[in-house]
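For reference, the structure discussed in these notes is given below.
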Amino acid sequence: MSIGQREPDVRLLKIFAYGSVVSTYILILIGGYVTTSNSGLGCGESWPWCNGAIFPSLNNPAQVIEFTHRIFNLVVAFFVIGTALLAWTRYRPAHNVVLFSTASFVGLFAQVVLGMVTVTSALNPLVSATHLGLASAVLALVVVNAVMVWNLRSIPVEFQR
């Protein structure tokens with residue numbers, strides 16, 4: 001940044017970082033409900049479809065429960081990707097924010113792939129347990145990132161020569 005330019009407003013980054021925490025936690029709760037209600041294969045072993053269709057049958061509660069878990073992932077992706085994009089484009093000097101935003105993004109991507117494997121492996125217990133473990137790790141990453149964003153006071157102004 002040159003002299004006279006304003007530092008980026010941290011409010012938008014905070015919204016995305018905190019939204020990442022809340023939405024990730026809600027997604028884990030939904031995932032727990034999918035497991036305890038035995039809805040994990042409500043959509044069959046087809047992924048990303050629901051028994052070969054784009055949308056679940058609203059008459060089948062197991063399909064709706066599982067599909068809600070899949071769709072809510074889009075909310076989490078919105079916040080995690082938004083946080084990462086803001087970190088990469090506006091907050092590069094805040095190395096911890098960039099690091100944890102990137103790690104959160106990579107963890108979420110791995111979690112989506114592992115979710116696909118969980119469904120296509122007919123809920124193999126080892127894969128399902130790994131899916132929960134990675135979900136916990138992603139939650140930890142977004143929480144640590146939100147703390148880093150909370151502590152982000154300002155970005156040092158770089159003088160152009």
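Atoms considered below: every heavy atom in the structure, side chains included; atoms not considered: hydrogens, waters and symmetry mates. Values in this document were obtained by computation on a predicted structure and should not be read as measured data.
- A continuous path of ILVMFWY side-chain contacts below 4.5 Å connects Val22 to Leu13, so both sit in one hydrophobic cluster.
- In this structure, the side chains of Asn60 and Val64 stay at 4.5 Å or more apart for every pair of heavy atoms.
- At distances below 3.5 Å, at least one donor-acceptor pair connects side-chain atoms of Glu66 with backbone N or O atoms of Cys43.
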Quiz item: Step by step, would you call Phe67 with Phe72 a side chain to side chain contact (heavy atoms under 4.5 Å, CB included)?
Solution: CA-CA 8 Å; Phe67 200 72; Phe72 198 79; over 6 Å; no
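- In terms of modelled atom types and a separation under 3.5 Å, the side chain of Ser101 and the main chain of Val98 share no donor-acceptor contact.
- A side-chain donor-acceptor contact under 3.5 Å links Trp88 and Thr102.
- Expressed to the nearest 0.5 Å, how far OG of Ser128 lies from CG of Leu114 amounts to 8.5 Å.
- If you chain together hydrophobic residues whose side chains sit under 4.5 Å apart, Val119 and Phe55 never meet in one group.
- Here the shortest heavy-atom pairing between Gly107 and Leu134 reads O-CD2, 4.1 Å.
- Taken together through direct or relayed side-chain contacts under 4.5 Å among Ile, Leu, Val, Met, Phe, Trp and Tyr, Val80 and Leu12 form part of one hydrophobic cluster.
- In summary, the side chains of Asn145 and Ser104 do not present any donor paired with an acceptor at a separation below 3.5 Å, with no hydrogens or angles considered.
- With hydrogens and angles ignored, the 3.5 Å screen pairs no side-chain donor or acceptor of Gln63 with any backbone N or O of Pro56.
- Heavy atoms of other residues, nucleotides or ligands lying less than 6.0 angstrom from CG of Leu74 number more than 12.
- Summarising the geometry of Leu141 relative to Ala103, their closest heavy-atom pair is CD1-O, 3.6 Å, with the distance given to 0.1 Å.
- For an aromatic pair to be called close, the ring centres must be under 6.0 Å apart, and Phe79 with Tyr18 fails this.
- With contacts defined as side-chain heavy-atom distances shorter than 4.5 Å, the pair Asn124/Thr118 does not qualify.
- The main-chain N or O of Trp49 is found under 3.5 Å from a side-chain atom of Ser46 such that the two form a donor-acceptor pair.
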Practice problem: Would you sort out whether Asn73 and Leu108 count as a side chain to side chain contact (heavy atoms under 4.5 Å, CB included), showing the intermediate values? | Solution: CA-CA 9 Å; Asn73 200 9; Leu108 178 64; 3.6 Å; yes
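- Of the possible donor and acceptor atoms, one in the side chain of Thr83 sits under 3.5 Å from a partner among the backbone N and O of Phe16.
- The main-chain N or O of Met148 is never found under 3.5 Å from a side-chain atom of Asn96 such that the two would form a donor-acceptor pair.
- The nearest pair of heavy atoms linking Val21 to Val142 is CG2-O, 3.3 Å.
- Grouping the Ile, Leu, Val, Met, Phe, Trp and Tyr side chains by contacts below 4.5 angstrom, directly or via other members, places Leu132 apart from Val138.
- Expressed to the nearest 0.5 Å, how far OG1 of Thr120 lies from CG of Leu41 amounts to 10.0 Å.
- Using a distance-only test at 3.5 Å, with no hydrogens or angles considered, a donor-acceptor pair links the side chain of Gln111 to the main chain of His131.
- Between the Arg70 side chain and the Pro48 main chain, a donor and an acceptor come within less than 3.5 Å of each other.
- Of all non-hydrogen atoms in Ala94 and Leu152, the two that sit nearest each other are CB-CD1, 3.7 Å.
- The shortest heavy-atom contact between Val149 and Ala17 is CG2-CB, 3.9 Å.
- Note: Leu27 CG to Leu139 CG = 10.0 Å, rounded to the nearest 0.5 Å.
- Separating the OG atom in Ser20 from the CZ atom in Phe78 is a distance of 9.5 Å, to the nearest 0.5 Å.
- By the rule that hydrophobic residues join a cluster once side-chain heavy atoms approach within less than 4.5 Å of another member, Val147 and Phe100 end up as members of separate clusters.
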